Asker: 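Below you will find the structure I want to go over with you.
Just so you know, residue 1 is the first one in the sequence shown, and it goes up from there. Note that these values count all heavy atoms, side chains included, but never hydrogens, waters or copies made by symmetry. Small disclaimer: the values here were computed from a predicted structure and weren't measured.
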Amino acid sequence: MARPHLHLSFSTAFCIALLILPSLGAAVTPAPAVTDESKVAPYSLPDPLIAGDGTRIQTPAQWRAKRRPELLELFSKEVYGRTPTRKLKGVHYEVTSKDASALGGRATRKEVTIWFTKGNQGPRMRLLMYVPNHVKQPPPVFLGLNFGGNHAVDSDPGIAMSELLVVFPPGEPLPTSPRGTDRPLVERGGQADRWQVAKVIDRGYATATAWYQDLCPDRVGGLDENVAPLFAKGGTEGRADDGWGAIGVWAWGLSRALDYLETDSSVDARRVAVHGHSRLGKTALWAGAQDERFALVISNDSGCGGAALSKRVYGETVGLINKAFPHWFAKRFRFYDDNEAALPVDQHELLALIAPRPLYVASASEDQWADPKGEFLSAQAAGPVYALFGKSGVGVKEMPPVDKPVGGTVAYHVRTGKHDITAYDWEQYLNFADKHLRARPKSGNP
Ligand code: GCU
């Protein structure tokens, strides 16, 4: 049979190309960010309690059996990409240092390398832990990835420097400049303000962290390096449309850190608060949504692709984030560039996946790029799912004023100031954890 002769006018072909190109992730210029509240266009949010087939979810059992898996599937397929479920065979742990007199004797510092393959040549993540010495029972843990390397989270000279180690799949030629586009490493203690290690210890919590780039270097080529190729090759552009992005890899790493904590009797792995700032806040939310072993989840200024609603189209948008960071999300997410109305989910449903576990969402007043109001509205809109479990949501109708935390099982604050994680933020997280994870504070310390 002869092939039908297809004749398209130039304008028809152009229109078809316009329709197809965004779905292929072609480089179109996304619309600029809206940062004027009066310019926010009307939008509507999907109801987290209405299942794909239109049925209304009325019980926790229905949520668990039907809606939760459905939403996880949508976030996996359309937003972050699928997290591989295959267990790596060669995973093993190596304690590389232990010092019971760290921080002037207040804590035990431990460094543990989590090797993801047999031997000690393959991808690995180096976990740094501080465990308070004054607590008798294994304490709860704050677990989060860090931006600047483990040595940046405290000025403690005993922390090994996180040098960059890029592990390429065997047999592939090394790029000429593997270090080319990495962020410069931060100096020792350079991000100590963001970690408040001594304060966390004095309040009776352990803290554990690893450098996020151990898992997936944060650049377009990062998906060709370290963890991702252990599961599939293809990198940022060659992966499947629903293949995981860097946020997925980082979130996977948080679960692997939790696997280790489960083997460490010096801490209580059933009381782990997973937290993160900015892109690592997006990561903490995705980790907490997928892995129900995390007992509490904290999002600090996570913004677009984190706590902020996408359909509100304020500040950073789906188009802008995919353009700047093509390796963070699934390729499929690019279909929603400047097309957020078509998304079958929004980020309040990511927050709802954390229910009924305690969730803290925090914003900063000057961080309009991350859309503080969109983060608040999202936390509020997760409320009905918490209510289904008899748990309280943010508990207010309007966004609270700056520096006035609100909420119950879902808490929220907008702090005065810029995009950052500060002592004020930590104070709220510790109070929240005290309420929900019941730590034992050091006597004499509040
Ligand atoms: C950029 C990006 C944000 C992200 C932030 C960060 O500003 O646009 O989405 O949260 O970097 O991680 O620091």
Side-chain angles (χ1 to χ4, degrees), residues 43-80 83 251 255 270-275 281-282 284-299 302 305-312 343-363 373-400 405-413 428-429 432-433 435-438:
Y43 63 94
S44 64
L45 293 181
D47 184 335
L49 290 176
I50 301 206
D53 64 6
T55 52
R56 173 158 282 280
I57 302 299
Q58 278 160 331
T59 64
Q62 288 171 339
W63 169 264
R64 300 202 64 80
K66 191 176 171 90
R67 186 60 173 153
R68 188 179 144 78
E70 202 171 87
L71 284 172
L72 271 176
E73 164 63 15
L74 287 170
F75 279 105
S76 298
K77 181 171 167 213
E78 309 285 349
V79 182
Y80 302 102
T83 305
S255 288
R270 288 160 310 162
R271 293 186 292 161
V272 175
V274 65
H275 65 98
K282 308 178 207 300
L285 288 172
W286 181 224
Q290 295 176 94
D291 189 338
E292 293 184 277
R293 293 175 301 165
F294 290 114
L296 186 154
V297 182
I298 298 166
S299 153
S302 61
L309 295 172
S310 299
K311 292 174 190 278
R312 207 174 101 81
L343 267 165
V345 283
D346 208 336
Q347 298 304 111
H348 62 305
E349 294 175 304
L350 179 73
L351 303 185
L353 284 170
I354 293 157
R357 293 164 292 154
L359 164 69
Y360 204 120
V361 175
S363 314
K373 186 168 177 189
E375 295 187 311
F376 167 73
L377 292 172
S378 177
Q380 185 184 51
V385 179
Y386 277 81
L388 189 70
F389 287 90
K391 304 278 182 188
S392 49
V394 294
V396 289
K397 291 216 162 60
E398 300 295 327
M399 187 167 169
V406 293
T409 309
V410 182
Y412 176 84
H413 75 246
Q428 314 320 312
Y429 303 151
F432 187 65
K435 222 192 291 169
H436 297 283
L437 299 181
R438 284 185 210 94

Asker: Do L309 and Y43 have side chains that approach each other closer than 4.5 Å (heavy atoms only, starting at C-beta)?
Answerer: yes
Asker: State which residues pass side chain to side chain contact (heavy atoms under 4.5 Å, CB included) with A307; sequence neighbours excluded, sorted by chain then number.
Answerer: L285, S299, S302, L351, V361, E375
Asker: Nearest 0.5 Å, please: how far is CD1 in I354 from CG in L359?
Answerer: 5.0 Å
Asker: Taking only Lys NZ, Arg NE, NH1 and NH2, and the carboxylate oxygens of Asp or Glu, determine whether E292 and R68 approach each other closer than 4.0 Å.
Answerer: yes
Asker: Name all residues meeting the side chain to side chain contact (heavy atoms under 4.5 Å, CB included) criterion together with A287; count only those two or more places apart in sequence or in a different chain, and write none if there are none.
Answerer: A251, L254, F294
Asker: Is there a donor-acceptor contact under 3.5 Å from the side chain of E78 to the main chain of L343?
Answerer: no
Asker: How long is the gap from CD on Q380 to NZ on K397, to the nearest 0.5 Å?
Answerer: 9.0 Å
Asker: So, for A382 and A352, which heavy atoms are closest and what is the spacing to 0.1 Å?
Answerer: CB-N, 3.9 Å
Asker: Tell me, please, which residues at least two apart from Y412 pass ring-ring contact (aromatic ring centres under 6.0 Å, His included).
Answerer: F376
Asker: Over all heavy atoms of both residues, which pair between V274 and A284 is shortest? Give the atoms and the distance, please.
Answerer: CG1-O, 3.9 Å
Asker: For the pair R64 (side chain) and A61 (backbone), establish whether a donor and an acceptor sit closer than 3.5 Å, ignoring hydrogens and angles.
Answerer: no
Asker: Under 3.5 Å, side chain of Y80 to main-chain N/O of G305, donor-acceptor pair present?
Answerer: yes
Asker: For Y386 and S392, work out which heavy atoms get closest and say how close.
Answerer: CB-O, 4.3 Å
Asker: When you measure from the side chain of Q347 to the backbone N and O of G306, does any donor-acceptor pair fall under 3.5 Å?
Answerer: yes
Asker: For L350 and F75, which heavy atoms make the closest approach, and how far apart are they?
Answerer: N-CZ, 3.4 Å
Asker: Could you check whether any side-chain N or O of R271 sits under 3.5 Å from a backbone N or O of L296, counting only pairs where one atom can act as donor and the other as acceptor?
Answerer: no
Asker: When you measure from the side chain of D291 to the backbone N and O of S255, does any donor-acceptor pair fall under 3.5 Å?
Answerer: no
Asker: Looking at every non-hydrogen atom in both residues, tell me the closest pair between F432 and T409 and how far apart they are.
Answerer: CZ-O, 3.5 Å
Asker: Side chains of K373 and R312, heavy atoms from C-beta outward: is any pair under 4.5 Å?
Answerer: yes
Asker: Determine the minimum heavy-atom distance between E349 and P344, stating which atoms define it.
Answerer: OE1-O, 4.3 Å
Asker: Assess the side chains of Y360 and H413: does a donor N or O sit below 3.5 Å from an acceptor N or O?
Answerer: yes
Asker: Just jot down the side chain to side chain contact (heavy atoms under 4.5 Å, CB included) partners of T83, sequence neighbours excluded, or say none.
Answerer: W244, W252, W286, Q290
Asker: Any chance you could measure H436, atom NE2, to R357, atom CZ, to the nearest 0.5 Å?
Answerer: 13.5 Å
Asker: Going by the rule side chain to side chain contact (heavy atoms under 4.5 Å, CB included), which residues pair with A381 if we only count those two or more places apart in sequence or in a different chain?
Answerer: L45, H348
Asker: Pairs under 3.5 angstrom only: tabulate donor-acceptor contacts from the side chains of residues 50-59 to other protein residues two or more places apart or in another chain.
Answerer:
residue	atom	partner	partner atom	Å
D53	OD1	T55	N	3.0
D53	OD1	T55	OG1	2.7
D53	OD2	K66	NZ	2.7
R56	NH2	D47	OD2	2.9
T59	OG1	Q62	N	3.0

Asker: Do D346 and P46 make a side-chain contact, defined as non-hydrogen atoms from C-beta onward lying under 4.5 Å apart?
Answerer: yes
